[in-house]
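Worksheet: one structure, shown below.
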There are 2 protein chains.
Amino acid sequence: MNKENAERVQAGTDAEPVILKLEEFLPYRLNVCATLVSQALSRIYIDRYRIGVPEWRVLVTLGQYGVMTGKQIGIHSTMHKTKVSRSVALLERRKLVARRANRNDLREAFLSLTPAGEEIYREAAPIALEFGRQLLDVVDPADRPALDRALKRLTDRSAQLTADLAKDPAHR
Amino acid sequence: MNKENAERVQAGTDAEPVILKLEEFLPYRLNVCATLVSQALSRIYIDRYRIGVPEWRVLVTLGQYGVMTGKQIGIHSTMHKTKVSRSVALLERRKLVARRANRNDLREAFLSLTPAGEEIYREAAPIALEFGRQLLDVVDPADRPALDRALKRLTDRSAQLTADLAKDPAHR
DNA sequence: TATTGTTATACTCTATAACTATA
DNA sequence: TATAGTTATAGAGTATAACAATA
C-alpha cells in the first residue's frame with residue numbers, strides 16, 4: 001500500500017482508493033502474453049526466411065486458401081490494405097507469391113504462392129503448428145474450451161469498442 | 001481446399017498436407033485480441049493525456065507502489081531499462097514523476113508520482129479498471145478462472161521458449 | 001462516386017550497443 | 001568487474017492521406 005492509501009485508511013476516509021494492479025489487469029496480461037508468444041514464434045520465420053509478421057500472415061493465408069485477392073487477404077488476416085500491399089510486394093520480389101490479373105475486375109489481382117512459396121509454406125507450417133501445439137500443451141485440456149470462448153468474446157468486444165470510439169470522437 | 005491439396009487427395013497421397021488455419025492459430029488469435037484490446041484501451045490515456053503505453057505502465061506502477069527505482073519498474077511492467085528510462089524522462093518533463101536520489105546507491109534513484117501525477121492516476125485508474133471490467137464482462141464467469149490460468153501458463157511457457165532460443169542460437 | 005490497390009510522408013517505436021557513473 | 005541508468009544510432013514498423021486505375 002502506498003503512502004496516500006495508508007493515509008486514507010488512517011484517516012478513515014470512506015471512499016476506497018482505486019488500485020490498479022498491473023499484473024492482474026487483463027489488457028496488460030494479454031499484451032505481455034501475446035508479445036512473448038509472437039516473439040518466440042517469429043524466431044521461426046524471421047530468422048529462417050527473413051520475413052516479418054505481415055509477410056508471414058500473407059504466406060499462411062495463401063497456403064490455406066490457394067488463391068486470393070489483396071482485399072480478401074486483408075480481411076482474413078486482419079491487416080490494413082497498405083500492409084497487405086507492401087507484404088505482397090516483398091513476397092513477389094522474393095518470387096514467393098505470383099500475381100494473375102482478374103479480367104473481370106482489373107482493379108484487383110489473384111494472388112497465389114509460387115512453387116518456391118509453397119515449399120516454404122510446407123516447411124514452415126508444420127513447425128508453426130508444432131509450436132502452437134507445444135504452447136497449448138501447457139494449458140490444462142479442461143481449460144482449453146474456455147480459453148477459446150474467452151478469446152473470441154474478448155476479440156469481438158474490443159473490436160466493437162474500438163469501432164464505437166472511432167465513430168464517436170466525443171467519447172475520446 | 002487449395003489446388004495442391006485437391007491434387008494430393010485425388011492422387012491418394014497418404015501424407016495429409018498440413019493446413020495452418022490462421023483463424024484457429026493460437027499465436028495469431030492472441031495477437032489480434034491483445035492488439036484490439038490495447039488499441040481500445042489506449043484511447044483512454046493516449047487521447048486524454050498524450051502518453052504512450054510505456055508511460056502509462058510507469059504511471060500505473062508508481063500509482064500502485066508509490067516509490068520505485070527504474071529497475072523495479074522495469075521488472076514489474078516487463079519493460080527494458082531503456083524504455084523505462086525514456087518513459088520516466090518524459091513523465092519528469094511533464095512534472096508527473098519526481099526523482100529523489102538514493103544516498104545508499106547513487107546509481108539509482110527513487111521515483112514517485114508528483115501530486116499532478118497522482119491526480120492523473122486517480123482520474124485514469126478507475127476508468128481503466130472500468131474498461132477492464134467491461135471487457136471481462138463478456139467472458140462467461142465460469143470461464144474466467146480458466147482464462148486466468150491459461151494466460152499465466154502461456155505467458156510462462158513463451159517466456160521460457162524465448163529465453164531458450166536466445167541462449168541457444170543454433171536452434172534458430 | 002465508390003472501390004482496389006499503390007505510393008509518399010512523417011512519425012513512432014524498437015533493439016542494440018556504447019557510454020557514464022557508481023558499486 | 002558488475003550494475004543502474006542514459007544516450008546514440010539506425011532500422012523497423014505505423015498511420016494517414018493522396019493518388020491511379022477501374023468499376
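Note on Arg122(A) versus Glu119(A): no salt bridge recorded, every NZ/NE/NH1/NH2 to OD/OE distance being 4.0 Å or above. The pair Asp148(B)-Arg29(A) counts as a salt bridge, with a side-chain nitrogen and a carboxylate oxygen less than 4.0 angstrom apart. We find that Arg99(A) and Glu92(A) are joined by a salt bridge, their nearest charged nitrogen and carboxylate oxygen being less than 4.0 Å apart.
Summarising the geometry of Val84(A) relative to Gly74(A), their closest heavy-atom pair is CG2-CA, 3.6 Å, with the distance given to 0.1 Å.
Separating the CE atom of Met68(A) from the P atom of dG5(C) is a distance of 12 Å, rounded to the nearest angstrom. A straight line from CE of Met79(B) to P of dT14(C) spans 10 Å, rounded to a whole angstrom. Distance, Lys81(A) NZ to dT16(D) C1': 11 Å, rounded to whole Å.
Across all strands shown, Lys71(A) has heavy atoms under 4.0 Å from sugar-phosphate atoms exclusively, and none from any base. Among the protein residues, Ala109(A) comes within range of the sugar-phosphate backbone only, with heavy atoms under 4.0 Å from sugar or phosphate atoms but none that close to a base.
Using a 4.0 Å cut-off, some side-chain N or O of Arg99(B) falls inside it from OP1 or OP2 of dT6(D).
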Which protein N or O atoms sit under 3.5 Å from an N or O of nucleotides 11-15 of chain D?
none

Atom pairs, N/O to N/O, protein against nucleotides 20-23 of chain C, distance under 3.5 Å?
from	atom 1	to	atom 2	distance (Å)
dT22(C)	O3'	Leu106(B)	N	3.4
dA23(C)	OP1	Leu106(B)	N	2.9

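Between the side chains of Ser38(A) and Tyr28(B), no donor-acceptor pair is found at a separation under 3.5 Å. Checked by atom type, the side-chain pair Ser112(B)/Tyr65(B) shows no donor-acceptor distance below 3.5 Å. Judged by distance alone, the side chains of Glu123(B) and Tyr49(B) do bring a donor and an acceptor atom under 3.5 Å apart.
Applying the 6.0 Å contact sphere to CZ of Arg157(B) captures more than 12 heavy atoms from other residues, nucleotides or ligands.
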